[in-house]
There are 2 protein chains.
Amino acid sequence: MRKNAEINATPVCQVKMQAISDAMSLLSGKWKFHILGTLIEGSTLGFMDLLREVNGIGSKMLSKELQDLEMNKLISRTVMNTKPITVSYSITEYGKTLSPLIDEMAKWGIDYRKSVYGK
Amino acid sequence: MRKNAEINATPVCQVKMQAISDAMSLLSGKWKFHILGTLIEGSTLGFMDLLREVNGIGSKMLSKELQDLEMNKLISRTVMNTKPITVSYSITEYGKTLSPLIDEMAKWGIDYRKSVYGK
DNA sequence: TGACATAGTATCCAACAGGAAACTACTTTC
DNA sequence: GAAAGTAGTTTCCTGTTGGATACTATGTCA
């Protein structure tokens, strides 16, 4: 009988598990993928644009999620010198590295739908 | 000025967003990736094995997460005719289709760590 | 017979996630 | 001067997540 972890005790697994935890903590919540996806697609958008594009989100959540994403350098926030003042959000180069992951997620989700609701 | 969503109103975006929501809802929570990753790596494990392998999880959460995953056909549960009775959990063929997604997530997380804590 | 293994369930609780609505503050337009 | 646009913040509330602890039920071994 086995008393201690064996599989996940290997260094390579430890590193992978840690990595997944890291990624999940940055991308957790109901809205982050939607916001990132929208910014990847739409390049540069203001706060109100995002409020309209991200279906169902409220201003409180949008504000909070944008702060999170900016803190993690996935998006950038620039106050524009316009009248009235506008703020433009866009994806960073680093944020763009999430594209393969987002695509993979979407791909799997699409296949999943097919398998559940018939092909 | 734009009053309505434009980017995400396109059918292709709607489908992608829906797909991501689907995938996220199946894989949400603190433990699902860990459990799936462990079962992909370890092939077949009992309840107590998983309790030991998945670092930090408690029996209540493990039980609940395993039920969720089984309901979604990502893992299978088999009661073995042994003494004492044991139950073996393993990844299904369908669950294995998550491998690319899990790998992509791990890959991104590893790169993220490098970029934060120096290369 | 008591310790220990199997696989969970039950109970209680704290923390967090997320939503609705109202509100701030500033500027431009009608 | 009122309305409407910009970008948020504040408050209050509910529902979910997740953890600790204890417990059930069964069987084996020494």
Side-chain angles (χ1 to χ4, degrees), chain A residues 1-6 17 20-21 24-36 38-39 42 44-72 75-90, chain B residues 1-6 17 20-21 24-36 38-39 42 44-72 75-90:
Chain A
M1 179 204 18
R2 190 165 29 196
K3 288 268 187 174
N4 297 309
E6 284 189 350
M17 292 293 179
I20 287 169
S21 291
M24 290 287 281
S25 79
L26 295 192
L27 302 171
S28 67
K30 196 174 170 181
W31 300 111
K32 298 222 177 62
F33 275 100
H34 293 261
I35 295 170
L36 289 168
T38 303
L39 286 173
T44 288
L45 296 167
F47 187 87
M48 294 307 286
D49 295 329
L50 283 165
L51 211 48
R52 284 185 285 263
E53 292 289 344
V54 181
N55 206 286
I57 200 170
S59 56
K60 192 192 79 169
M61 287 308 296
L62 180 57
S63 171
K64 195 212 124 209
E65 298 291 60
L66 289 172
Q67 282 172 30
D68 281 6
L69 294 170
E70 195 200 351
M71 222 184 310
N72 291 314
I75 65 172
S76 67
R77 178 182 182 275
T78 316
V79 178
M80 307 299 279
N81 192 17
T82 52
K83 305 232 170 161
I85 276 176
T86 52
V87 177
S88 63
Y89 291 95
S90 48
Chain B
M1 180 205 16
R2 191 166 25 197
K3 291 267 186 177
N4 297 309
E6 285 189 349
M17 293 292 179
I20 287 169
S21 291
M24 289 287 281
S25 80
L26 294 192
L27 302 171
S28 66
K30 196 172 168 181
W31 301 111
K32 298 220 177 62
F33 276 99
H34 293 262
I35 294 169
L36 290 168
T38 304
L39 285 174
T44 289
L45 296 166
F47 187 86
M48 295 307 284
D49 294 331
L50 283 165
L51 212 48
R52 284 184 285 263
E53 292 288 345
V54 181
N55 206 285
I57 201 170
S59 57
K60 192 192 81 170
M61 286 308 297
L62 180 57
S63 171
K64 195 212 122 212
E65 297 290 61
L66 288 172
Q67 281 172 30
D68 282 6
L69 294 171
E70 194 200 353
M71 222 184 309
N72 290 313
I75 66 172
S76 67
R77 176 181 183 278
T78 316
V79 178
M80 307 299 281
N81 193 17
T82 52
K83 305 233 169 162
I85 277 176
T86 51
V87 177
S88 62
Y89 291 95
S90 48

Taking atom [atom2] of [N] as reference, at what distance in whole Å does atom [atom1] of [X] sit?
X: B:L62; N: C:dA7; atom1: CG; atom2: P; result: 10 Å
X: A:I35; N: D:dG8; atom1: CD1; atom2: P; result: 12 Å
X: A:I85; N: D:dG8; atom1: CD1; atom2: C1'; result: 12 Å
X: B:D49; N: C:dA7; atom1: CG; atom2: P; result: 7 Å
X: B:L51; N: C:dA7; atom1: CG; atom2: P; result: 10 Å
X: B:N81; N: D:dG27; atom1: CG; atom2: P; result: 12 Å
X: A:R77; N: D:dT6; atom1: CZ; atom2: P; result: 15 Å
X: A:M48; N: C:dT27; atom1: CE; atom2: P; result: 18 Å

Is there side-chain contact between [X] and [Y], with heavy atoms separated by less than 4.5 Å?
X: A:R77; Y: A:I75; value: no
X: B:F33; Y: B:L27; value: yes
X: B:I57; Y: B:I35; value: yes
X: A:L69; Y: A:Y89; value: no

Check whether A:K32 reaches the backbone of A:S28 with its side chain - one donor and one acceptor, N or O, closer than 3.5 Å.
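Yes, because the side chain of A:K32 sits within donor-acceptor range (under 3.5 Å) of the backbone of A:S28.
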Closer than 3.5 angstrom, by distance alone: can the side chain of B:S21 be matched with the main-chain N or O of B:M17 as a donor-acceptor pair?
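Checking the backbone N and O of B:M17 against the side chain of B:S21, a donor-acceptor pair under 3.5 Å is found.
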Between the protein and nucleotides 9-19 of chain C, list the N/O to N/O atom pairs that are separated by less than 3.5 angstrom.
{"unit_1": "C:dT9", "atom_1": "OP2", "unit_2": "B:S63", "atom_2": "OG", "d": "2.6"}
{"unit_1": "C:dT9", "atom_1": "O4", "unit_2": "B:S59", "atom_2": "OG", "d": "3.0"}
{"unit_1": "C:dG18", "atom_1": "OP1", "unit_2": "A:K30", "atom_2": "N", "d": "2.9"}
{"unit_1": "C:dG19", "atom_1": "OP1", "unit_2": "A:K30", "atom_2": "NZ", "d": "2.5"}
{"unit_1": "C:dG19", "atom_1": "OP2", "unit_2": "A:W31", "atom_2": "NE1", "d": "3.1"}
{"unit_1": "C:dG19", "atom_1": "N7", "unit_2": "A:K60", "atom_2": "NZ", "d": "3.2"}
{"unit_1": "C:dG19", "atom_1": "O6", "unit_2": "A:K60", "atom_2": "NZ", "d": "2.3"}

In dot-bracket form, 5' to 3', how is DNA chain D paired? Count Watson-Crick and G-U wobble pairs only if both distances fall under 3.5 Å, and write | where the partner sits on another strand.
||||||||||||||||||||||||||||||
Phosphate OP1/OP2 of D:dA7: any A:R52 side-chain N/O under 4.0 Å
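No, A:R52 has no side-chain N/O under 4.0 Å of OP1/OP2 on D:dA7.
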Compare every heavy atom of A:T44 with every heavy atom of A:S88, then report the nearest pair and how far apart it is.
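That would be CB-CG2, 3.5 Å.
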Please name the pair of heavy atoms, one in B:H34 and one in B:K30, separated by the smallest distance, quoted to 0.1 Å.
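Of all heavy-atom pairs spanning B:H34 and B:K30, the closest is CD2-O, 3.4 Å.
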From the options A:V54, A:N55, A:D49, A:L50, select the one residue that forms a side chain to side chain contact (heavy atoms under 4.5 Å, CB included) with A:R52.
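Running side chain to side chain contact (heavy atoms under 4.5 Å, CB included) over A:V54, A:N55, A:D49, A:L50 with A:R52 returns exactly one hit, A:D49.
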